Amino acid sequence: MGGSECDGILVKPDLVLYNTLIDGLCKVGKQEEGFKLMEKMRLESGYEPNTVTYNCLIDGFCKAGEIERSYELFDQMKKDGVVPNVITLNTLLDGMCKHGRVSTAMGLLAEMQEKGLKGNSITYTILITSFCSVNNVDRAMSLFNEMSENRCSPDAKVYYSLILGLCQARRMDDALCVASKAKEAGFGSDIICFNALIGGLCRKNKIDEAHKTLKDMEEAGIKPDRHTYNTLISYFSEKGQFETAHRVLKRMIDDGYFPNVVTYGALIHAYCLAGNVDEAMKIFQNMSSATNVPLNTVIYNILIDTLCKSDKVEDAISLLGVMKDKGVRPNTTTYNALFKGLQERNWVEKAFEIMDQMTENTCNPDYITMEVLTQWLSDIGETEKLRSFVEGYEVSTSTA
DNA sequence: ATAGGGTTAG
């Protein structure tokens, strides 16, 4: 990419062009190449990376989950005398928060604030979203209130992130209250907020309020989208009102939205809940053969879980095989469902086999896995297998 | 040229 390579034409990329390329590489998951390009730029063009260069790379490594690497870049940046800005801060905060390091993020924020770098509304959106995602909505609310005190007025997205968080926490009264405050501040809800509100109200069985919100949405000139329809289909089918659900489905299709994996997932789940596994399997078969909708882990998990609970572990195991043949990765939930099913049958050999598969797939056990296996395997005196299972993870996580 | 919010399982 150095200008010297271009015979005959005087093309010397400037720093902005380099940064654009580095950002592009990072955005498609090639952050390592982005990093190399920065080094090459230094050597061949003599440009020193600036704040933007570092910000792009830090974001690339954060999005790839390589927080340590991002932090190294942040240190290197400061060592080189390149001044971090609020974008650097926000990028790091978002990376840390999304990878479970909320308290590290708060520490960084405090440290940067001491150095005189103030957060902006994006900083607050990041923090509010992550506190909500770790079920600390109260902290999110207090951050929101803190914001105005710091004479930083919330923009639409700050309101929206709080509304979403409140909906996810099932705190619908608070969510509606914040939504009306947002409206007073000139930020009417958008389709994402409306969908969250409608979904939250449905989950709390407040169908009248959900209906009213749907009307508010239409009055605001916002049309229902695929999410809205999926939300309603999920509500009606889970209430056993399959006729209504199918009517909504028809309207969805008439409106130009093809059912997607979520639509099918909602129906499959509801038929499973209603004890109609046959109908659920029929939809599943139809999905595989008559639609282009790719099946995902969630779909298989619903069915595997239901089969295990209906004393059809063999069918669940064969579905696991189908899943793997189709290249759909089982996750912890898949294995947990299977272990519970196998425990019911006390089918130990099969459980051992599945445990080995889980380790091979570097799928991490969670507390449910450990609870089920610890209880079951110690009851039957198979603690040795349990120990080697756990050790398998200690090895794989240290080499990962 | 760089940063922020969405649906299905357990």
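Since we're looking at a predicted model, the values are computed, not measured. Order of the sequence lines sets the chain letters (A, B, ...), proteins ahead of strands, with each chain counted from 1. Keep in mind that the numbers below use all heavy atoms, side chains included, and drop hydrogens, waters and symmetry copies.
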The reported gap from CH2 in A/W347 to CG in A/L338 (rounded to nearest 0.5 angstrom) is 10.5 Å
What's the separation between atom CD1 in A/I283 and atom CG in A/L303, rounded to the nearest 0.5 Å?
9.5 Å
Of all nucleotides in DNA chain B that come within under 4.0 Å of a heavy atom of chain A, which is furthest toward the 5' end and which toward the 3' end?
B/dA1 to B/dG10
Indicate, with a heavy-atom threshold strictly under 4.0 Å, whether A/T263 touches base, sugar-phosphate, or nothing.
nothing
With a 4.0 Å cut-off, would you call A/D255 and A/R251 a salt bridge?
no
Classify A/H269 by what it touches in the nucleic acid, base, sugar-phosphate, or nothing, heavy-atom distance under 4.0 Å.
sugar-phosphate
Under 6.0 Å from the six-membered ring centre of A/F61 and within 45° of its axis: does the NZ or CZ of A/K63 meet both?
no
Mind checking A/S234 for me? I need base, sugar-phosphate or nothing, with any heavy atom below 4.0 Å counting as a touch.
nothing
What contact category does A/C132 fall into here, base, sugar-phosphate, or nothing, at under 4.0 angstrom with non-hydrogen atoms?
nothing
Using a 4.0 Å heavy-atom cut-off across all strands, classify A/D23 as base, sugar-phosphate, or nothing.
sugar-phosphate
Under 4.0 Å, heavy atoms only, any strand: does A/N19 hit a base, just the sugar-phosphate, or nothing?
base
Taking it one step at a time, do A/K340 and A/D305 satisfy salt bridge (Lys or Arg N to Asp or Glu O under 4.0 Å)?
CA-CA 9 Å; A/K340 283 183 195 165; A/D305 186 55; over 6 Å; no
Just list the side-chain donor-acceptor pairs under 3.5 Å for residues 177-192 of chain A, sequence neighbours left out, or say none.
unit_1: A/S180; atom_1: OG; unit_2: A/C177; atom_2: O; d: 3.0
unit_1: A/D190; atom_1: OD1; unit_2: A/I192; atom_2: N; d: 3.3
unit_1: A/D190; atom_1: OD1; unit_2: A/C193; atom_2: N; d: 3.1

Determine the contact category for A/T129: base if any of its heavy atoms lies under 4.0 Å from a base atom, sugar-phosphate if only primed atoms, P, OP1 or OP2 are that close, otherwise nothing.
sugar-phosphate
Tell me what A/N50 touches on the nucleic acid: a base, only sugar-phosphate, or nothing, going by heavy atoms under 4.0 Å.
base
What does A/D366 touch in the nucleic acid at a heavy-atom separation under 4.0 angstrom: a base, only the sugar-phosphate, or nothing?
nothing
